[in-house]
Engineer: 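Please see the structure below; I have some questions.
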Amino acid sequence: MRKLLILSSLTLFTFGIFSCTNIKTQNINDANNVVMLVVPEDLSSISDDEKYANFEIDVPEITQDVYDNSSITAYIRRTYDDGRPERWSELPQPFLSLDDSSISYLSFGVGFIRISLQSETSILELFDLMKGNDLKLVIN
């Protein structure tokens, strides 16, 4: 009886998977597009209390089609002077090793990206760590 119950459940599950008709798949491009950028030396805006700031970078590769049909992942190059290996860290990126908790995150629109920075007290230490570093955007 138990085998019959398992077999019938498995059959119903398999039938349910193969009978789905509402699945829509759209393949915009076959490969990821990688765009390399550099974090600017100056912020685009900063709040009076220095708890929020952002910088924007023009990215002409973000067309209306990309905006409508793709996702973008951003990575910042992390380098160290103490022998630790260089690596890429994905945004959003929390920075808990600073004097206070800070975070950076990505948003994008047609033709640009914005990296926002937030902190408990001041984003200046976080921005000093980021400015001049490489940013890698992966558009997929």
Side-chain angles (χ1 to χ4, degrees):
M1 181 70 166
R2 185 176 174 139
K3 286 182 182 183
L4 181 61
L5 180 61
I6 292 172
L7 184 59
S8 62
S9 297
L10 185 58
T11 302
L12 287 173
F13 177 74
T14 304
F15 177 74
I17 287 177
F18 290 118
S19 66
C20 291
T21 58
N22 290 335
I23 297 174
K24 294 181 182 177
T25 303
Q26 185 177 11
N27 189 359
I28 301 303
N29 53 18
D30 292 341
N32 293 334
N33 187 14
V34 176
V35 179
M36 298 299 294
L37 305 165
V38 175
V39 175
E41 295 291 325
D42 297 310
L43 292 163
S44 299
S45 70
I46 185 169
S47 65
D48 290 338
D49 62 3
E50 298 181 350
K51 292 182 178 184
Y52 173 83
N54 66 50
F55 58 87
E56 290 187 8
I57 302 174
D58 291 335
V59 184
E61 292 86 351
I62 305 175
T63 62
Q64 186 67 50
D65 186 51
V66 167
Y67 179 81
D68 291 340
N69 299 301
S70 299
S71 63
I72 298 177
T73 307
Y75 300 88
I76 188 162
R77 185 185 304 266
R78 306 277 297 270
T79 58
Y80 300 95
D81 294 331
D82 61 3
R84 288 186 283 173
E86 182 178 297
R87 62 186 182 270
W88 292 98
S89 293
E90 184 177 4
L91 298 182
Q93 183 63 223
F95 294 87
L96 304 176
S97 61
L98 302 177
D99 291 337
D100 54 90
S101 298
S102 301
I103 190 166
S104 61
Y105 55 94
L106 167 81
S107 56
F108 67 93
V110 175
F112 75 96
I113 63 163
R114 176 181 295 144
I115 305 293
S116 297
L117 313 170
Q118 287 187 301
S119 177
E120 292 178 345
T121 58
S122 173
I123 56 80
L124 294 178
E125 183 182 10
L126 173 57
F127 186 66
D128 283 342
L129 287 173
M130 293 179 73
K131 67 183 178 185
N133 283 345
D134 293 331
L135 274 176
K136 181 191 301 188
L137 300 182
V138 179
I139 301 171
N140 40 9

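Residues take their numbers from the sequence shown, with the count starting at 1.
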Engineer: State the CG-CD1 distance between Leu137 and Ile57, to the nearest 0.5 angstrom.
Structural biologist: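 Atom-to-atom, Leu137:CG and Ile57:CD1 are 7.5 Å apart.
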
Engineer: Quick one: closest heavy-atom pair of Ile115 and Met130, and the distance?
Structural biologist: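 Smallest interatomic distance, heavy atoms only, reads CG2-CE, 4.1 Å.
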
Engineer: Just verifying a value: how many Å separate Leu43 CG and Ile123 CD1, rounded to the nearest 0.5 Å?
Structural biologist: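 So the CG of Leu43 and the CD1 of Ile123 are separated by 5.0 Å.
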
Engineer: Which atom names give the shortest non-hydrogen contact between Ser70 and Ile139, and what distance separates them?
Structural biologist: CB-CG2, 4.0 Å

Engineer: Give the table of side-chain donor-acceptor pairs shorter than 3.5 Å for residues 88-95, with sequence neighbours excluded, one pair per line with atom names and distance.
Structural biologist:
{"from": "Ser89", "atom 1": "OG", "to": "Arg78", "atom 2": "NH1", "distance (Å)": "3.1"}
{"from": "Gln93", "atom 1": "OE1", "to": "Arg78", "atom 2": "NH1", "distance (Å)": "3.3"}
{"from": "Gln93", "atom 1": "NE2", "to": "Glu90", "atom 2": "O", "distance (Å)": "3.0"}

Engineer: Nearest 0.5 angstrom please: Ile72 CD1 to Phe108 CZ, how far?
Structural biologist: 4.0 Å

Engineer: What about Val39 and Leu37, same hydrophobic cluster or not, with Ile/Leu/Val/Met/Phe/Trp/Tyr joined at side-chain heavy-atom distances under 4.5 Å?
Structural biologist: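 As far as the 4.5 Å side-chain criterion goes, Leu37 and Val39 are connected within one cluster.
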
Engineer: So how far is it from Leu117 CG to Ser122 OG, rounded to the nearest 0.5 Å?
Structural biologist: 10.0 Å

Engineer: Under the rule for side-chain hydrogen bond (donor to acceptor under 3.5 Å, both in side chains), what residues qualify as partners of Glu41, not counting sequence neighbours?
Structural biologist: none

Engineer: When you compare the side chain of Asn33 with that of Val66, does any pair of heavy atoms fall below 4.5 Å?
Structural biologist: no

Engineer: Testing the basics here: between Phe55 and Asp42, what is the closest heavy-atom pair and its distance to 0.1 Å?
Structural biologist: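 Where Phe55 meets Asp42 most closely, the heavy atoms are CB-O, 4.2 Å.
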
Engineer: Do you know the tightest heavy-atom contact between Gly132 and Val38?
Structural biologist: O-CG1, 3.6 Å

Engineer: Out of curiosity, Leu126 CG to Glu50 CD, how far, rounded to the nearest 0.5 Å?
Structural biologist: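 Separation between the atoms: 12.5 Å.
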
Engineer: For Ser119, give me all partners under side-chain hydrogen bond (donor to acceptor under 3.5 Å, both in side chains), at least two apart in sequence or on another chain.
Structural biologist: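 Residues passing side-chain hydrogen bond (donor to acceptor under 3.5 Å, both in side chains) with Ser119: Asp100, Ser102.
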
Engineer: State which residues pass side-chain hydrogen bond (donor to acceptor under 3.5 Å, both in side chains) with Asp58; sequence neighbours excluded, sorted by chain then number.
Structural biologist: none

Engineer: If only atom types and distance count, is the side chain of Ser47 paired as donor or acceptor with the main-chain N or O of Tyr52 below 3.5 Å?
Structural biologist: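 Side chain of Ser47 to backbone of Tyr52, a donor-acceptor pair under 3.5 Å: yes, one is there.
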
Engineer: Measuring from atom CD of Glu120 to atom OG of Ser101, what distance do you get when rounded to the nearest 0.5 angstrom?
Structural biologist: 4.0 Å

Engineer: Kindly state each residue pair satisfying salt bridge (charged side-chain N to carboxylate O under 4.0 Å, His left out) with at least one member in residues 127-140, sequence neighbours excluded.
Structural biologist: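 Sorted result for residues 127-140: Arg77-Asp134, Asp128-Lys131.
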
Engineer: Yes or no on side-chain contact (heavy atoms from CB on, under 4.5 Å) for Leu135 and Ile113, after CA distance, side-chain angles and deciding distance?
Structural biologist: CA-CA 11 Å; Leu135 274 176; Ile113 63 163; 4.2 Å; yes

Engineer: Please name the pair of heavy atoms, one in Asn133 and one in Leu129, separated by the smallest distance, quoted to 0.1 Å.
Structural biologist: ND2-O, 2.9 Å

Engineer: Mind checking whether Tyr105 and Leu124 sit in one hydrophobic cluster, side chains of I, L, V, M, F, W, Y counted as touching below 4.5 Å?
Structural biologist: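 No.
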
Engineer: I'd like to know if Met36 and Val59 are part of one continuous hydrophobic network [Ile/Leu/Val/Met/Phe/Trp/Tyr, side-chain heavy atoms within less than 4.5 Å].
Structural biologist: no

Engineer: Any chain of hydrophobic side-chain contacts (each under 4.5 Å) joining Tyr75 to Leu106?
Structural biologist: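 Different clusters: Tyr75 never reaches Leu106 through Ile, Leu, Val, Met, Phe, Trp or Tyr contacts under 4.5 Å.
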
Engineer: Might you confirm whether atom OH of Tyr67 has over 12 heavy atoms from other residues, nucleotides or ligands at distances under 6.0 Å?
Structural biologist: no

Engineer: Does Thr63 form a side-chain hydrogen bond (donor to acceptor under 3.5 Å, both in side chains) with Asp65? I'd like the steps, not just the answer.
Structural biologist: CA-CA 5 Å; Thr63 62; Asp65 186 51; 5.1 Å; no

Engineer: Applying side-chain hydrogen bond (donor to acceptor under 3.5 Å, both in side chains), can you list everything that pairs with Asp48, at least two apart in sequence or on another chain?
Structural biologist: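 Per chain and number, Asp48 pairs via side-chain hydrogen bond (donor to acceptor under 3.5 Å, both in side chains) with no residue.
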
